[in-house]
Enquirer: 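This is the structure I have questions about; it appears just below.
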There are 2 protein chains.
Amino acid sequence: MQRRTEHLPRIRDVAKAAGVSTATVSRALTVPDKLRHDTKARVLDAVRRLGYTPNAAARNLRVGTSKMVLVVIPGRGAPPFFSEVLHGIDTELSADGYTMIMGTLDGSPEKARRVVDLVFARHLDGVLVTSGHVPTIDGRSIADASVPLVSICAEIDAPGVPAVLVDDEACAVAQADHLIGLGHRRLMYVAGPKGNYNEVARYRGFLAAIARAGLARKDVCRHQGDYLFAGGVAAGRRFLAMREQPTGIVCCNDEMAIGFMKTVAQAGVRIPADVSVVGFDGIELADFCEPTLTTIRQPRFDLGATAARLLVDALGRRGAPAPQRIVLAGELIVRDSTAPPPKSA
Amino acid sequence: MQRRTEHLPRIRDVAKAAGVSTATVSRALTVPDKLRHDTKARVLDAVRRLGYTPNAAARNLRVGTSKMVLVVIPGRGAPPFFSEVLHGIDTELSADGYTMIMGTLDGSPEKARRVVDLVFARHLDGVLVTSGHVPTIDGRSIADASVPLVSICAEIDAPGVPAVLVDDEACAVAQADHLIGLGHRRLMYVAGPKGNYNEVARYRGFLAAIARAGLARKDVCRHQGDYLFAGGVAAGRRFLAMREQPTGIVCCNDEMAIGFMKTVAQAGVRIPADVSVVGFDGIELADFCEPTLTTIRQPRFDLGATAARLLVDALGRRGAPAPQRIVLAGELIVRDSTAPPPKSA
DNA sequence: ACATCCGTTGCAATCGATTACATAAGTGCA
DNA sequence: TGCACTTATGTAATCGATTGCAACGGATGT
């Protein structure tokens, strides 16, 4: 049996202190208008004196909600891209009294299992899913629980789930067109993890752009990346080993772009004189690295905030979120990492 | 009355399906060894068939724990310094089946109130506090609830709270000594927010170092900062406006150092030829900015992981954490932002 | 004076799981 | 076979708050 080490006050202690029933205490805290003035005053005074806070588990059990929202994030810790997204989410959620739980996914089944269990344990009122990573284990997906979902930065194939995202494909076209417009004809595409929602859409945009520009397939290569710094480093190594090096590098995200730049720069390659690099995301780092990185700026804060608002609204209506697709604008930011290709090329 | 939109299975549904009592179902999931083989098999099969997950609120209410840990973080979103700390925390917590709740503090009373309420609502098994920011509102502090606490990157004045930190003062001495050793005699100290635990300790170290080096007070100035990029920018502006500019800048954290560098570099100041800058923290950015930043590397992952382990151990023992003070090593990383002062100085 | 109605408050059921205690079934030994 | 003892399972109390319904008192209307 658990021992109550410190007798934290319960509702019945407050009731006794105020000389009323527990029902009245509960009402004083939730529907104060329905009480007589003096009763309410007496109760609230007792609440303050005893330092009473309603037990969350008991309330959750009774009312069937927890005021908690899970945010599912791929990768370890809080990757640079997501910090601002989280900030946006946190801001909106807080405004409505919701608390945020972070569920990081690193590919391990244990992590996925705990996330799925949290959802099915009804510990959560809603879930925000990023980048299409819908936690699934043993064939159970969080989309199967009847918990409101909103997707950020991706559309997921569960029916009726609203999504907030930028137009990855169009932005990828802008990336490639920028280099092509500068005169680049030999391009390398540094991809995200295989099958990743954003990767797929961005690659599609890339292919569309090079097709439109009439580039030959042999002038374009694709390097399989992972969205991480390490993937950019690997891409850089491969670049250095190539006989006929591309002059323009299109990276699927900023982290890889920066890893690439750092790697080839150390080998004496000059950016943008020898090779141009364009990233995707617009993380802070992109404006501080050397050279500063031309990239696609995503409205990270707004992505998070908008999705959170959608979810909170749905929860307030106690219904499923209205299925919709909100597309926010991404923007090409031209900085110092891109220039026309060298004459010799 | 709440409506059960989708009849998610309850323990009694499983009991019925397996032909046993609810007690047996509960035991099959928590103490499987105490059941006969065939009974256990029958129950677990029913659990799987129905897709049963125990309701978290009910369990929490009954057993008095939630397997949730709150991490209190100052500032909005997840500041660069904390991303790795969070990663360390998350890794340790996950390993023991704990879930992490993030409580960001932005100075607003509402945020503080919700954090304090969470604690007193017994919604949490333990709390990790960073940088000495103990949420307090209306005179109630989370240290008053009888919830196990562990402090990261600071000691807090509540009695018996374990702390995991680096020796800020010694590291600050190393920062200053590095510049002094290079020959700098006119220094500027860019401080963190007033009264911040780390700021205080680091400034103490700075003062000790300049005293030992016999620098005159007039050769040293202190700029009030805020740990943010903006604070570094302000410090840079002030630097540019000074008649007799210092040659060495000691920053209380990396973000400000980078803000400073970017600001003065835009005005034509060369780093490290004209002025040397040293930061504190060792965030990723410090290795990607231009020039790369000499700084103190904190073992960020380990700070988080160690603290989380301490807390989890205490929770496992169902007691208060053993009060202790774990000091991890910080390390001076010399990069390109520091060099001897210009001859003319 | 009596019926009616409204605003307050209390009583007790309820949310869903865990677990102390009771009980039934099985095991070993004399 | 009978008794003590262990093991497996069921019964029902319990965690702490919320809330439908009942009850009560006072005001109003006829």
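Throughout, a chain's letter reflects where its sequence line sits, starting with A, and its residues are numbered from 1.
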Enquirer: Does A:R59 make a side-chain donor-acceptor contact with the base of D:dT18, cut-off 3.5 Å?
Expert: no
Enquirer: Salt bridge or not between A:R48 and A:D45? Use side-chain N to carboxylate O under 4.0 Å.
Expert: yes
Enquirer: Take atom CZ of A:R122 and atom P of C:dA17, then tell me their distance rounded to the nearest Å.
Expert: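 Distance check: A:R122 CZ to C:dA17 P gives 11 Å.
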Enquirer: Are any of the side-chain nitrogens in B:D96 or B:K67 under 4.0 Å away from the carboxylate oxygens of its partner?
Expert: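 Salt bridge: no.
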Enquirer: What side-chain hydrogen bond (donor to acceptor under 3.5 Å, both in side chains) pairs are there with at least one residue in residues 22-32 of chain B, not counting sequence neighbours?
Expert: B:S21-B:T24
Enquirer: Kindly list each side-chain donor-acceptor pair under 3.5 angstrom involving residues 132-139 of chain A, sequence neighbours excluded, with atom names and distances?
Expert:
unit_1 : atom_1 : unit_2 : atom_2 : d
A:T136 : OG1    : A:V134 : O      : 3.0
A:D138 : OD2    : A:R113 : NH1    : 3.3

Enquirer: Which pairs, with at least one residue in residues 24-60 of chain B and sequence neighbours excluded, count as a ring pair (Phe, Tyr, Trp, His ring centres under 6.0 Å)?
Expert: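 Residue pairs passing ring pair (Phe, Tyr, Trp, His ring centres under 6.0 Å), neighbours aside: none found.
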Enquirer: Answer with base, sugar-phosphate or nothing: what part of the nucleic acid does A:V25 contact at a heavy-atom distance below 4.0 Å?
Expert: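 If one applies the 4.0 Å heavy-atom cut-off, A:V25 turns out to touch nothing in the nucleic acid.
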Enquirer: Is any side-chain N or O of A:T39 closer than 4.0 Å to OP1 or OP2 of C:dT8?
Expert: no
Enquirer: Tell me the interatomic distance from A:R62, atom CZ, to C:dA12, atom P, rounded to whole angstroms.
Expert: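 To the nearest whole Å, that distance equals 16 Å.
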Enquirer: Run the numbers on B:V69 and B:M100 for side chain to side chain contact (heavy atoms under 4.5 Å, CB included), then give the verdict.
Expert: CA-CA 5 Å; B:V69 167; B:M100 175 172 92; 5.8 Å; no
Enquirer: Would you check if A:F82 and B:S83 make a side-chain contact, meaning some heavy-atom pair closer than 4.5 Å?
Expert: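 Side chain of A:F82 against side chain of B:S83, heavy atoms only: no contact under 4.5 Å found.
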Enquirer: If you check every side-chain atom of A:V20, which of C:dG16, C:dT18, C:dG10 has the closest atom?
Expert: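 Among C:dG16, C:dT18, C:dG10, the one nearest the side chain of A:V20 is C:dG10.
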Enquirer: I'd like to know if the side chain of A:S66 and the backbone of A:H123 have a donor-acceptor N/O pair within less than 3.5 Å.
Expert: yes
Enquirer: Check this one for me: any side-chain N or O of B:T24 less than 4.0 Å away from OP1 or OP2 of D:dG10?
Expert: yes
Enquirer: Using atom CD1 of B:I11 as one end and atom C1' of C:dC15 as the other, report the distance to the nearest whole Å.
Expert: 14 Å
Enquirer: Round to a whole Å and report the spacing from CG of B:N55 to C1' of D:dA17.
Expert: 14 Å
Enquirer: Do NZ/NE/NH1/NH2 and the carboxylate oxygens of A:D117 and A:R114 come within less than 4.0 Å?
Expert: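 Looking at A:D117 and A:R114, the cut-off is not met.
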Enquirer: Please tabulate the protein-to-nucleotide N/O contacts below 3.5 Å involving nucleotides 22-27 of chain C, giving atom names and distances.
Expert:
none

Enquirer: Does some side-chain heavy atom of A:I89 sit less than 4.5 Å from a side-chain heavy atom of A:I152?
Expert: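 Result yes, sub-4.5 Å side-chain heavy-atom pair found.
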Enquirer: Using atom NE2 of A:H123 as one end and atom C1' of C:dC15 as the other, report the distance to the nearest whole Å.
Expert: 15 Å
Enquirer: Should A:D144 and A:F120 count as side-chain neighbours, where that means a heavy-atom distance under 4.5 Å?
Expert: yes
Enquirer: Could you check whether B:T104 and B:K111, counting side-chain N and O atoms only, form a donor-acceptor pair closer than 3.5 Å?
Expert: yes
Enquirer: D:dA17, D:dT9, C:dT18: which one has an atom nearest the side-chain heavy atoms of B:L35?
Expert: D:dT9
Enquirer: Could you state the atom-to-atom distance from CZ of A:R12 to P of D:dT14 in whole Å?
Expert: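 Between P of D:dT14 and CZ of A:R12: 10 Å.
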Enquirer: Through what angle, rounded to 10 degrees, does the axis of the helix from C:dA1-D:dT30 to C:dA30-D:dT1 turn between its ends, using five pairs per end?
Expert: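 Nearest ten degrees gives 50° for this helix.
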Enquirer: Return the value, rounded to whole Å, for the distance between atom NZ of B:K40 and atom P of D:dA8.
Expert: 10 Å
Enquirer: Specify the separation, in whole Å, of atom CG of A:D13 and atom P of D:dC15.
Expert: 12 Å
Enquirer: List in numerical order all residues of residues 26-33 of chain B for which some heavy atom is under 4.0 Å away from an atom belonging to DNA chain D.
Expert: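 Result for residues 26-33 of chain B: B:R27, sorted by number.
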Enquirer: Is there a side-chain polar atom (N or O) of B:Y52 under 4.0 Å from OP1 or OP2 of C:dA17?
Expert: yes
